[in-house]
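Every heavy atom of this structure was used, including side-chain atoms; hydrogens, water molecules and symmetry mates were not.
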Amino acid sequence: MEIFKEYVTKRIDNTIPQVKEMFKLIWLGVVDSMKLKGAIIRTIRSEVLRKNFINCIFLNGIIFLGTYLIYLYWVSPMLNYLLNHFPTLSNMFSIIYFSLWVYPVYIFSIIANSKWYTEIAKESFVISGRTTFTNSTNGILSSFVDEIYRNLLFGVILIMSAIIAFIPYTNFINFIIITWLYSFWCFDYKWILRGKWNLLQRIQYFETHWAYMFGYGLIFTTCSFFFPMLIGNAIFSILYPLFIILSISAKPTKMVNQDGILPKQIPIFYVPEIIVNLILKIYLKYQNKRGAAKSTPTSTTKQN
């Protein structure tokens, strides 16, 4: 019993320097994410970066966000004033506007942004003096499987975040989740282009550098998290390329002091992984049953 008490006391005493190290790592992440001047200079000097970044600003900042803000703060109040006695007409106009303009442009921006972000990451990777990894046939198949799992994982996290948002007094928890998620998205391009790790290895690396990664995503998340969804997403889409560029040259640091109560690795993606694995297990079981049901009548026909 005395040995156990001594062990616990020692761990608690060592937690204070560990907490100091944690805040130092968070600050290092914040500092690396604030080197926006360097990212802007690299963007201006590179034609590929400049072209894709301008595309992001034009689509997300002017076409999408600009027209949405005009509707929100000018068109909508004017319609409400003019159609004060006909609220149904005002609601119909809003439905038509969102159906024919806002959501189609939003979906198109997601597709276009994905292409531009990839090109920005590749060009930043090359500018930094690194060589992009070329996949073999097996590597391409593995990357394809990784990409499916990755999208399912992120989808589950976003759904969890949306559910948490409806629970009172959980905004802080949601903020932490989104901060880590944004940070992972920034660094994942770099890790994929390096070509050394599969998704699970990238997740493990991220989770062992949890303090730094939280700091890196902190400013980025703060810039967009507290706005309404569509406005926040537009701000995210404009700023994301700069944080991708910065992540290429960033060097994450993990916690060295392991003697306190703070963990070496936080299983940030543990619950989403369980849910995704369960979804895949159910899907495979369904496919096997479906395959067995199709093969049974065929076998019976051959015997007859």
Legend entry - Of all pairs that satisfy ring-ring contact (aromatic ring centres under 6.0 Å, His included), the ones with a partner from residues 28-58, not counting sequence neighbours: none
Would you say [atom1] of [X] has more than 12 non-hydrogen atoms from neighbouring residues, nucleotides or ligands within 6.0 angstrom?
X    : atom1 : value
E47  : CD    : no
W197 : CH2   : yes
M78  : CE    : yes

Separation of [Y] [atom2] from [X] [atom1] (nearest 0.5 Å):
X    : Y    : atom1 : atom2 : value
T179 : Y182 : OG1   : OH    : 9.0 Å
I178 : I173 : CD1   : CD1   : 12.5 Å
I62  : I57  : CD1   : CD1   : 8.0 Å
S33  : M213 : OG    : CE    : 12.0 Å
K20  : T15  : NZ    : OG1   : 12.5 Å
F206 : I266 : CZ    : CD1   : 10.0 Å

Tell me, do [X] and [Y] make a side-chain contact under 4.5 Å, heavy atoms counted?
X    : Y    : result
I127 : I248 : no
S124 : I120 : yes
R202 : I192 : yes
Y286 : R290 : yes
P241 : W116 : no
L246 : M34  : no
L181 : L158 : yes

Would you confirm whether [X], through its side chain, and [Y], through its main-chain N or O, come within 3.5 Å as a donor-acceptor pair?
X    : Y    : result
S183 : Y216 : no
S114 : I111 : no
K122 : L193 : no
E123 : L49  : no

Looking at residues at least two apart in the chain, or sitting in another chain, which of them share a side chain to side chain donor-acceptor pair (under 3.5 Å) with [X]?
X    : answer
K254 : none
N277 : Y149
T118 : none
E207 : Q265

Inset, instruction - Go through the structure and list residues passing ring-ring contact (aromatic ring centres under 6.0 Å, His included) with F154, not counting sequence neighbours. - result: F184, W185
Specify the closest pair of heavy atoms between [X] and [Y], including all atoms of both residues, with the distance to one decimal.
X    : Y    : answer
F220 : L239 : CE1-CB, 3.8 Å
I219 : V30  : CG1-CG1, 4.0 Å
L199 : D146 : N-OD2, 2.8 Å
F64  : V102 : CE1-O, 3.7 Å
L59  : S109 : CD2-CA, 3.5 Å
I203 : L153 : CD1-CD2, 3.7 Å

Can you pull the side chain to side chain donor-acceptor pair (under 3.5 Å) pairs that have at least one residue in [range], sequence neighbours excluded?
range            : value
residues 240-252 : none
residues 93-105  : T67-W101, Y71-S94
residues 150-169 : E147-R150, R150-D188, S161-N174

Inset, instruction - Can you spot which of L200, I157, V276, I274 makes a side chain to side chain contact (heavy atoms under 4.5 Å, CB included) with F269? - result: I157
Validation: residues 225-238 side-chain donor-acceptor distances under 3.5 Å, sequence neighbours left out:
unit_1: N233; atom_1: ND2; unit_2: Y106; atom_2: OH; d: 2.7
unit_1: N233; atom_1: ND2; unit_2: M229; atom_2: O; d: 3.4
unit_1: S237; atom_1: OG; unit_2: N233; atom_2: O; d: 2.8

Inset, instruction - Decide yes or no on side-chain hydrogen bond (donor to acceptor under 3.5 Å, both in side chains) for E119 and N52, but give the supporting numbers first. - result: CA-CA 8 Å; E119 291 182 8; N52 286 289; 3.2 Å; yes
Inset, instruction - Take W191 and F187, measure what ring pair (Phe, Tyr, Trp, His ring centres under 6.0 Å) needs, and give me the verdict at the end. - result: CA-CA 7 Å; W191 298 330; F187 280 91; 5.8 Å; yes
Inset, instruction - Report yes or no: do Y283 and V145 belong to one cluster of Ile/Leu/Val/Met/Phe/Trp/Tyr joined by side chain heavy-atom distances under 4.5 Å? - result: no
Let me check something: any side-chain donor-acceptor pairs from residues 35-43 under 3.5 Å, sequence neighbours excluded? List them with distances.
unit_1: K35; atom_1: NZ; unit_2: D32; atom_2: OD1; d: 3.2
unit_1: R42; atom_1: NE; unit_2: G38; atom_2: O; d: 3.4
unit_1: T43; atom_1: OG1; unit_2: A39; atom_2: O; d: 2.7

Legend entry - is_close_aromatic(F214, W210), centroid dist under 6.0 Å: no
Legend entry - For K264, salt bridge (charged side-chain N to carboxylate O under 4.0 Å, His left out) partners two or more places apart: none
